[in-house]
Amino acid sequence: MRAAGREMSAEEARARATLVASVSALTGEALERRHEALMEWADTELGLERAYAEQVYALAEQEDLEPVLAFELVRSGLGVRELEAPEQDMGEASQQAPPEWVAEEVVELDDVELERRLRASFRRLRSHLEVSATPAAAVQALLQDADIGLVQMR
């Protein structure tokens with residue numbers, strides 16, 4: 001199966017169909033769930049830990065995206081894929097050690113990458129929502145983007 005000029009797996013095709021169906025099924029009341037109802041839903045339906053669900057909710061609000069749409073995107077496993085970084089000539093690259101005060105608080109790179117991926121995916125969906133008539137149409141437009149595919153969202 002092909003999407004946006006590339007081959008996609010059966011798993012990705014299922015994720016795309018599920019995302020479109022779940023967003024299409026959202027109505028006014030489901031779209032406007034309150035925080036605690038969404039947290040309970042994220043726990044029971046999506047199996048997300050409370051801390052991660054809170055992070056998704058907060059990032060969605062920061063990116064001006066309805067949190068339920070953010071959770072549906074996370075559930076699908078679809079998002080903006082990172083571009084491959086070009087290889088550097090290791091002969092000329094040098095890296096200096098950061099000052100000691102920089103290393104005081106350890107931040108796991110995986111957490112930073114995950115947040116960046118979530119933000120990029122939420123922003124992309126929001127940009128499609130701004131020009132689409134319905135959330136389902138926005139999701140359809142999102143899925144046409146060449147850099148949307150299966151990514152690690154958890």
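Below, all heavy atoms of this structure are taken into account, side chains as well, without hydrogens, waters or symmetry copies. This structure is a prediction, so every number in the text was calculated from the model and none was measured.
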Identified side chain to side chain contact (heavy atoms under 4.5 Å, CB included) counterpart of Pro67 within the set Glu61, His35, Arg34: Glu61
With a 4.5 Å heavy-atom cut-off, do [X] and [Y] have their side chains touching?
X: Leu143; Y: Leu78; result: yes
X: Leu69; Y: Val23; result: yes
X: Leu46; Y: Val74; result: no
X: Phe122; Y: Val56; result: yes
X: Arg124; Y: Leu142; result: yes
X: Asp111; Y: Glu115; result: no
X: Leu26; Y: Pro135; result: no
X: Arg116; Y: Glu113; result: yes

Side-chain (Ser76) to main-chain (Leu19) donor-acceptor, under 3.5 angstrom: no
[X] [atom1] to [Y] [atom2] distance, which is reported to the nearest 0.5 Å:
X: Leu38; Y: Asp43; atom1: CG; atom2: CG; result: 12.5 Å
X: Gln140; Y: Arg16; atom1: CD; atom2: CZ; result: 10.0 Å
X: Glu12; Y: Leu150; atom1: CD; atom2: CG; result: 4.5 Å
X: Gln62; Y: Leu118; atom1: CD; atom2: CG; result: 11.0 Å
X: Leu59; Y: Arg119; atom1: CG; atom2: CZ; result: 4.5 Å

Any residue meeting side chain to side chain contact (heavy atoms under 4.5 Å, CB included) with Ala53, in chain and number order, not counting sequence neighbours: Met39, Ala42, Leu48, Phe71
Side chain to side chain contact (heavy atoms under 4.5 Å, CB included) partners of Ala138, counting only residues at least two apart: Leu125, His128, Leu129, Ser132
With [X] via salt bridge (Lys or Arg N to Asp or Glu O under 4.0 Å) - residues at least two apart:
X: Glu49; answer: none
X: Arg123; answer: Glu63
X: Glu36; answer: Arg50
X: Arg117; answer: none

Glu130, CD: over 12 other non-hydrogen atoms inside 6.0 angstrom: yes
Residue pair Val20 / Ser24: nearest heavy atoms and the distance that separates them: O-OG, 2.7 Å
Salt bridge present between Arg75 and Glu72 (N-O < 4.0 angstrom): yes
